[in-house]
Amino acid sequence: HKLICLEVVGTYSAEVRKLSLRILDLICEGLGVEAGYFADELSKIQGLVANHYPSCPNPSLVLGLGGHCDPNLLTIQQDVYGLQIFKGEQWVGVESLPHAFVINIANQLEMTSNGKLKSAKHRAVTNSSIARTSIVTFISPSRECVIEPAKALVSVCSPPLFKAVQYKEFSDTYMAKTHDPNSTAVESYKFQA
Ligand SMILES: O=C(O)CCC(=O)C(=O)O
Ligand SMILES: [Fe+2]
């Protein structure tokens with residue numbers, strides 16, 4: 001079983017990587033940033049997480065995973081009902097489409113795009129009848145990578161909104177702020193207006 005699983009995970013991860021790089025190139029095109037901008041250090045690390053949420057007798061009292069934005073660059077997960085995004089000041093369920101992926105913009109896309117893209121706040125709710133497993137891929141910068149707004153998006157009229165920071169420092173700030181209701185890691189690297 002172990003060997004089969006390794007093979008499946010390997011194939012899945014390689015395909016998800018290709019998809020991610022394609023999506024990132026489309027994002028470059030949309031932003032007006034040179035193709036391949038995210039292809040090296042900014043997307044170097046790929047992580048795979050399986051979250052398992054047992055069924056819960058009282059879903060209104062128990063969240064699967066509390067509201068958060070992901071610290072990495074781009075998150076790709078297979079679509080299973082239970083994911084919600086915070087939109088228009090309320091939690092909205094993500095419609096479940098068979099064979100579709102959900103793509104979440106994460107913190108590093110917000111900072112590199114100079115705020116043009118916003119990290120999506122999301123959470124997972126539990127369900128009283130069925131258990132749920134979500135398979136989530138995190139595309140992240142290398143720890144040494146310096147994150148800053150892309151030069152192509154910065155000008156006199158559009159000054160940088162975020163300070164440059166090494167991803168390992170950002171990650172430590174993110175961890176330190178996980179239970180801070182008043183500010184986020186991204187906010188701590190914003191230039192004060
Ligand atoms: O299980 C889910 O649908 C959400 C998982 C998630 O947001 C995460 O692992 O960061
Ligand atoms: Fe997440």
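Because the structure is a prediction, the values reported are computed rather than measured. Residue numbers start at 1 and run along the sequence shown. Both ligands and their constituent atoms are indexed starting at 1 by order of listing.
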*Taking the Fe ion (ligand 2) as the reference point, name the nearest N/O/S atom of Asp70.*
OD1
*More than 12 heavy atoms of other groups within 6.0 Å of Lys163 NZ*: yes
*Can you tell me if NE2 on His179 sees more than 12 non-hydrogen neighbours from other groups inside 6.0 Å?*
no
*Give the minimum heavy-atom separation between Pro160 and Pro149, together with the two atoms involved.*
CB-CG, 4.1 Å
*asked:* Show the atoms of ligand 1 that are less than 4.0 angstrom away from any heavy atom in Tyr53.
replied: 1 (O), 2 (C), 4 (C), 5 (C)
*Just which atoms of ligand 1 are under 4.0 Å from any heavy atom in Ser134?*
1 (O), 2 (C), 3 (O)
*asked:* Using a 6.0 Å cut-off, check whether atom CD of Glu29 has over 12 heavy atoms from anything other than its own residue.
replied: no
*Heavy atom of Arg123 under 4.0 Å from ligand 1?*
no
*Please say which of Thr75, Ile85, Val102 ends up in a side chain to side chain contact (heavy atoms under 4.5 Å, CB included) with His122.*
Ile85
*Is it true that Asp70 lies under 4.0 Å from ligand 1, counting heavy atoms only?*
yes
*asked:* Considering non-hydrogen atoms of the protein only, which is the closest contact for atom 3 (O) of ligand 1, and what is the distance?
replied: Arg132 NH2, 2.6 Å
*Could you tell me whether Glu41 and Lys44 have a side-chain N and a carboxylate O separated by less than 4.0 Å?*
yes
*Find all atoms of ligand 1 within a distance of less than 4.0 Å from any non-hydrogen atom belonging to Phe138, and give their numbers and elements.*
8 (C), 9 (O), 10 (O)
_Tell me whether Tyr12 at atom OH has more than 12 heavy atoms from other residues, nucleotides or ligands lying less than 6.0 Å away._
yes
*Taking atom CG of Asp180 as the centre, report whether more than 12 heavy atoms of other residues, nucleotides or ligands fall under 6.0 Å from it.*
yes
_Closest protein heavy atom (residue, atom, distance) for atom 6 (C) of ligand 1_ = Leu65 CD2, 3.4 Å
*State the atoms of ligand 1, each with its element, that fall below the 4.0 Å cut-off from a heavy-atom position in His122.*
7 (O)
*Counting each atom of ligand 1 from 1 as listed, which ones have a heavy atom of Gln77 under 4.0 Å away?*
2 (C), 3 (O), 4 (C)
*Got the closest protein heavy atom to atom 5 (C) of ligand 1, with its distance?*
Asn51 ND2, 3.3 Å
*the Fe ion (ligand 2) to nearest N/O/S of Cys69 less than 2.8 Å*: no
